[in-house]
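Following: one structure in structure tokens, then a few remarks.
What you are looking at is a predicted structure, and each value in this text was computed from that prediction instead of being measured. Lettering follows sequence order; numbering is per chain, from 1.
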There are 2 protein chains.
Amino acid sequence: MNKRDNDPLLDAEQDVRTRLAGMSLDMEASNAVNNIYRAAAAVRRRAEGGVLAPHNLSWGGLTILWVLWIWGEQSTARLADECDLSKGTLTGMVGTLESQGLVVRRKLDSDRRRVLVDLTDDGSKLIADLFPRFNAFEAEVLDGLTVAERIELARLLRMVIRNTEKMAER
Amino acid sequence: MNKRDNDPLLDAEQDVRTRLAGMSLDMEASNAVNNIYRAAAAVRRRAEGGVLAPHNLSWGGLTILWVLWIWGEQSTARLADECDLSKGTLTGMVGTLESQGLVVRRKLDSDRRRVLVDLTDDGSKLIADLFPRFNAFEAEVLDGLTVAERIELARLLRMVIRNTEKMAER
DNA sequence: ACAAACTAGTTTGGTACCAAATAATCTGAC
DNA sequence: GTCAGATTATTTGGTACCAAACTAGTTTGT
């Protein structure tokens with residue numbers, strides 16, 4: 001036996017399965033979660049080293065610009081929530097983007113605790129120009145997957161996200 | 001029209017689609033990539049705040065212990081490769097694990113540039129005890145997905161990983 | 001034999017990221 | 001009207017992570 005198929009990733013999964021045989025582990029779960037993490041790290045690295053590099057944008061930075069572009073000016077708290085980042089992280093990253101002249105902070109008079117963040121003209125131009133190119137990168141990342149497979153992938157991952165949120169509620 | 005279905009994630013995707021209608025973007029790709037990243041971040045946060053927290057282990061730290069457990073003592077370079085981390089990051093994290101008494105470094109006499117990393121007895125005990133619990137967490141993360149869906153998810157993500165590797169080769 | 005090229009690991013300098021503590025402001029109960 | 005508790009953003013202290021520069025050790029070509 002010991003079939004090899006020229007896919008090192010799959011071979012590695014098989015090696016692990018053999019190594020841990022008889023330990024009553026859920027190998028399908030292990031492989032799936034592993035691949036979620038590896039795929040995310042790989043895609044992020046490739047984006048930051050490629051399409052985002054000329055603009056000195058991190059993945060998180062792009063996400064912030066994108067959310068502001070789609071939904072407009074909003075508070076730090078909501079922005080953090082939309083971008084799936086902690087408030088503290090967001091404060092720092094908005095600072096970075098502000099120093100790059102891509103976003104502005106605005107203090108609210110009606111509630112002086114609150115701060116609204118919005119795109120500057122430069123930020124607006126950048127995201128409008130960059131997002132289509134970023135999207136082309138995303139499409140390249142999914143090269144070889146049919147539309148149905150892309151939709152299925154997104155659906156399965158939504159289930160994963162929902163499960164982790166459920167775990168937090170307890 | 002304007003059907004809502006009690007899934008905020010899906011609603012958000014729909015909002016974006018409406019917002020960007022007519023821009024000739026690949027929304028299936030965008031949603032899929034977005035969800036890869038969000039799922040990975042969510043799973044990681046939940047693991048580090050849950051099953052890994054009592055042991056002060058990061059996701060990367062667990063990965064290192066796991067690789068050493070499965071494949072045994074190995075060089076820094078190979079370990080970095082297996083764990084999908086840069087050599088520099090690995091140096092730091094092996095340092096952390098070493099200070100926790102979970103791994104040891106060993107200098108090779110036959111080639112004095114090389115350093116092998118291996119589990120200590122404590123490290124070995126920890127990963128043998130922890131991995132089944134970590135695996136239970138992984139299974140919980142995939143709750144509601146059939147075995148076929150888990151396998152499909154892993155397969156689609158392997159394609160994504162392979163695509164990003166292809167992009168690097170150019 | 002020995003300099004040039006190469007290799008393995010570490011260090012450096014920087015951002016991103018989190019949780020928890022803090023500062024500033026607002027609200028409601030009295 | 002005031003003050004105790006809630007709420008918003010920021011600061012703090014720490015790890016993780018990367019790319020690029022660096023250090024020490026090894027191989028190769030002549």
Side-chain angles (χ1 to χ4, degrees), chain A residues 37-38 40-50 52-65 74-81 83-100 102-117 164 168, chain B residues 37-38 40-50 52-65 74-81 83-100 103 105-117 164 168:
Chain A
Y37 193 76
R38 271 171 195 263
V43 169
R44 179 187 180 141
R45 265 197 301 272
R46 207 58 70 204
E48 291 184 346
L52 301 183
H55 307 285
N56 276 307
L57 278 180
S58 65
W59 184 281
L62 178 83
T63 306
I64 292 172
L65 296 184
Q74 57 197 280
S75 68
T76 296
R78 186 178 155 202
L79 191 51
D81 192 50
C83 296
D84 201 23
L85 294 168
S86 71
K87 283 180 304 171
T89 298
L90 201 94
T91 294
M93 292 180 58
V94 166
T96 301
L97 294 172
E98 201 171 28
S99 76
Q100 294 172 313
L102 301 173
V103 305
V104 274
R105 276 180 234 251
R106 184 164 72 87
K107 287 215 160 98
L108 255 190
D109 272 347
S110 60
D111 180 346
R112 303 180 40 70
R113 291 168 305 181
R114 301 188 66 206
V115 172
L116 298 186
V117 183
T164 61
Chain B
Y37 193 76
R38 271 173 196 262
V43 169
R44 179 187 179 140
R45 266 198 300 273
R46 207 59 69 204
E48 290 184 346
L52 301 182
H55 307 285
N56 277 308
L57 278 180
S58 65
W59 185 281
L62 178 82
T63 306
I64 292 172
L65 297 183
Q74 58 197 278
S75 69
T76 297
R78 184 177 157 204
L79 191 51
D81 192 50
C83 295
D84 200 24
L85 294 168
S86 71
K87 283 183 306 171
T89 297
L90 201 93
T91 294
M93 292 181 58
V94 166
T96 302
L97 293 172
E98 201 171 28
S99 76
Q100 293 171 313
V103 306
R105 277 181 234 251
R106 183 163 72 86
K107 287 213 161 100
L108 255 190
D109 271 346
S110 60
D111 182 345
R112 300 179 39 69
R113 292 169 305 182
R114 302 188 66 205
V115 172
L116 299 186
V117 183
T164 62

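- Legend: residues meeting side-chain hydrogen bond (donor to acceptor under 3.5 Å, both in side chains) with A:Glu98, ordered by chain and number and at least two apart, are A:Arg105.
- With sequence neighbours left out, B:Ala40 forms a side-chain contact (heavy atoms from CB on, under 4.5 Å) with A:Ile36, A:Tyr37, A:Ala40.
- The shortest distance between side-chain heavy atoms of A:Leu102 and A:Thr96 does not fall below 4.5 Å.
- Residue whose closest nucleotide on DNA chain C sits further toward the 5' end, between A:Ser110 and A:Trp59: A:Trp59.
- With sequence neighbours left out, the side-chain contact (heavy atoms from CB on, under 4.5 Å) criterion links B:Ser75 to B:Ala77, B:Arg78, B:Arg114, B:Leu116.
- Whole-Å rounding puts the A:Tyr37 OH to C:dC17 P distance at 11 Å.
- A:Val94 is not listed as a side-chain neighbour of A:Thr76, based on a closest heavy-atom distance of 4.5 Å or more.
- One can place CZ of A:Arg38 at 12 Å from P of D:dC17, the figure rounded to the nearest angstrom.
- For B:Leu85, whose side chain is taken as the heavy atoms from C-beta onward, the closest listed nucleotide among C:dC18, D:dC18, C:dT25 is D:dC18.
- Between the CG atom of B:Leu108 and the C1' atom of D:dT26 there is a distance of 13 Å, given to the nearest Å.
- In this entry the distance linking CZ of B:Arg112 with P of D:dT27 reads 13 Å, nearest Å.
- Scored by the salt bridge (charged side-chain N to carboxylate O under 4.0 Å, His left out) test, A:Arg38 finds no partners at all (sequence neighbours excluded).
- Taking the side-chain hydrogen bond (donor to acceptor under 3.5 Å, both in side chains) definition, one finds that A:Asp111 meets it with A:Arg113, sequence neighbours left out.
- In this structure, the CZ atom of A:Arg45 is 14 Å from the P atom of D:dA20, given to the nearest Å.
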_Please encode protein proximity along nucleotides 1-15 of chain D as a string of B, S and -, counting only heavy-atom distances under 4.0 Å._
------BSBBB----
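- Qualifying side-chain hydrogen bond (donor to acceptor under 3.5 Å, both in side chains) partners for A:Arg112, counting only residues two or more places apart in sequence or in other chains: none.
- Direction change of the helix axis from one end of the helix from C:dA1-D:dT30 to C:dC30-D:dG1 to the other is 10°, with five pairs defining each end axis (rounded to 10°).
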Output a table of donor-acceptor pairs, distance under 3.5 Å, between side-chain atoms of residues 84-92 of chain A and any protein atom two or more places apart or on a different chain; print 'none' if there are none.
from    : atom 1 : to      : atom 2 : distance (Å)
A:Asp84 : OD1    : B:Arg45 : NH2    : 2.9
A:Asp84 : OD2    : B:Arg45 : NH2    : 3.2
A:Ser86 : OG     : A:Thr89 : N      : 3.2
A:Ser86 : OG     : A:Thr89 : OG1    : 2.9
A:Thr91 : OG1    : A:Lys87 : O      : 3.3

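- One can place CG of A:Leu57 at 16 Å from C1' of D:dC18, the figure rounded to the nearest angstrom.
- As rounded to whole Å, 10 Å separates atom C1' of C:dA24 from atom NZ of A:Lys107.
- Contact between the side-chain N/O atoms of A:Arg44 and the OP1/OP2 oxygens of C:dC17 is found at a separation under 4.0 Å.
- Here D:dC18 presents its P atom at 18 Å from CG of A:Asn56, a figure rounded to the nearest Å.
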